[in-house]
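Numbering starts at 1 and runs along the sequence shown.
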Amino acid sequence: MIQIICGEKGKGKTKEMLKNANEMIADAQGAIVYVDKSSQHIYELNNQIRLINITEYPIHTYEGFIGFVSGLLSGNHDIECIFIDSLMKVACLDSDKIEAAINTLDKLSENVKFICSISMKDTELPETAKDKILVSC
């Protein structure tokens with residue numbers, strides 16, 4: 001399953017993501033991973049949540065990002081949820097590729113939940129993504 005936290009820049013998406021991750025770890029049976037474009041939020045996350053700073057890896061394309069996520073999942077079958085903050089930046093996406101990215105992550109989500117933030121208004125998201133909106137900021 002994939003869920004989306006959307007809204008314009010500066011509307012509180014990251015704060016919502018951090019809150020959700022910290023709440024989820026209390027009842028988690030598996031690992032929680034938080035993928036971000038920096039390590040800035042490391043002290044705001046519960047220490048049981050693994051923060052991955054995507055800029056520490058040579059990922060420069062959408063295909064590279066999908067390979068990275070696939071590697072995470074194949075290397076750790078205990079991952080319960082992956083939070084992806086700023087999906088478009090982290091996944092090297094243009095707005096015209098957002099639907100393909102959501103569909104690919106949805107296919108990968110057979111045994112894991114994805115919660116992604118996207119800097120777009122809910123009205124700007126593709127129709128196929130609108131039923132996946134968790135929060136619109």
Side-chain angles (χ1 to χ4, degrees):
M1 171 197 310
I2 181 171
Q3 294 181 314
I4 298 168
I5 296 174
C6 62
E8 295 179 274
K9 184 176 178 166
K11 295 294 183 181
K13 295 178 300 299
T14 296
K15 186 179 274 189
E16 185 71 26
M17 295 270 291
L18 294 166
K19 179 182 86 107
N20 285 342
N22 286 327
E23 288 174 357
M24 186 178 285
I25 197 66
D27 298 322
Q29 302 296 312
I32 306 291
V33 177
Y34 193 98
V35 180
D36 203 348
K37 59 191 178 310
S38 75
S39 297
Q40 174 182 347
H41 302 293
I42 194 160
Y43 298 111
E44 296 172 70
L45 286 169
N46 182 298
N47 65 355
Q48 294 177 307
I49 299 170
R50 178 168 180 212
L51 174 69
I52 297 175
N53 178 351
I54 199 80
T55 63
E56 294 176 355
Y57 300 90
I59 299 168
H60 306 290
T61 64
Y62 164 68
E63 291 79 11
F65 173 75
I66 293 301
F68 179 81
V69 170
S70 298
L72 274 177
L73 295 173
S74 68
N76 185 349
H77 297 284
D78 292 335
I79 294 176
E80 184 174 318
C81 184
I82 298 177
F83 287 83
I84 304 172
D85 199 357
S86 301
L87 177 66
M88 294 179 66
K89 289 181 183 176
V90 167
C92 308
L93 288 173
D94 294 323
S95 58
D96 62 330
K97 302 259 183 180
I98 193 73
E99 187 171 11
I102 290 169
N103 291 338
T104 301
L105 290 175
D106 206 24
K107 288 177 188 172
L108 290 173
S109 71
E110 185 175 321
N111 297 311
V112 67
K113 181 178 193 177
F114 288 96
I115 299 179
C116 307
S117 72
I118 300 175
S119 290
M120 295 175 96
K121 294 180 186 177
D122 56 357
T123 56
E124 298 173 327
L125 287 171
E127 282 301 315
T128 56
K130 292 186 179 180
D131 65 332
K132 297 172 180 8
I133 295 174
L134 176 65
V135 176
S136 179
C137 301

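Between Lys130 and Leu125, the closest heavy-atom pair is CE-O, 3.2 Å. A pairwise comparison of heavy atoms in Tyr34 and Ala21 identifies CD1-CB, 4.2 Å as the closest pair. Closest approach of Gly64 and Ile59 over heavy atoms only: C-CG2, 3.8 Å. The shortest heavy-atom contact between Ser39 and Glu56 is OG-OE2, 4.2 Å. Closest of all the heavy-atom pairs between Glu99 and Pro126 is CB-CG, 3.8 Å. For the residue pair Asn76 and Ala31, the shortest heavy atom distance occurs at ND2-CB, 4.2 Å.
Checking Asn53 against Ser38 by side-chain atom types alone, no donor-acceptor pair falls below 3.5 Å. A side-chain donor-acceptor contact under 3.5 Å links Ser86 and Lys37.
Under the 4.0 Å criterion applied to side-chain N and carboxylate O atoms, Glu8 and Lys11 are not assigned as salt-bridge partners. Classification of Glu16 and Lys13 as a salt-bridged pair fails, no side-chain N sitting under 4.0 Å from a carboxylate O.
When the shell of 6.0 Å around NZ of Lys89 is examined, it contains 12 or fewer heavy atoms from other residues, nucleotides or ligands. Atom NZ of Lys15 has 12 or fewer heavy atoms from other residues, nucleotides or ligands within 6.0 Å.
A heavy-atom distance below 4.5 Å is found between the side chains of Leu51 and Asp36.
The aromatic rings of Tyr57 and Phe68 sit tilted, their planes meeting at an angle between 30° and 60°.
Linking ILVMFWY side-chain heavy atoms closer than 4.5 Å, directly or via other members, places Val90 and Val33 in a single hydrophobic cluster.
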Please step through side-chain contact (heavy atoms from CB on, under 4.5 Å) for the pair Lys113 and Met1, ending with a clear verdict. CA-CA 5 Å; Lys113 181 178 193 177; Met1 171 197 310; 4.0 Å; yes
Are Tyr62 and Asp94 close enough, and set up right, to give a side-chain contact (heavy atoms from CB on, under 4.5 Å), and what steps lead you there? CA-CA 9 Å; Tyr62 164 68; Asp94 294 323; over 6 Å; no
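Cys116 pairs in a side-chain contact (heavy atoms from CB on, under 4.5 Å) with only one of the listed residues (Leu134, Val35, Ile84), which is Ile84.
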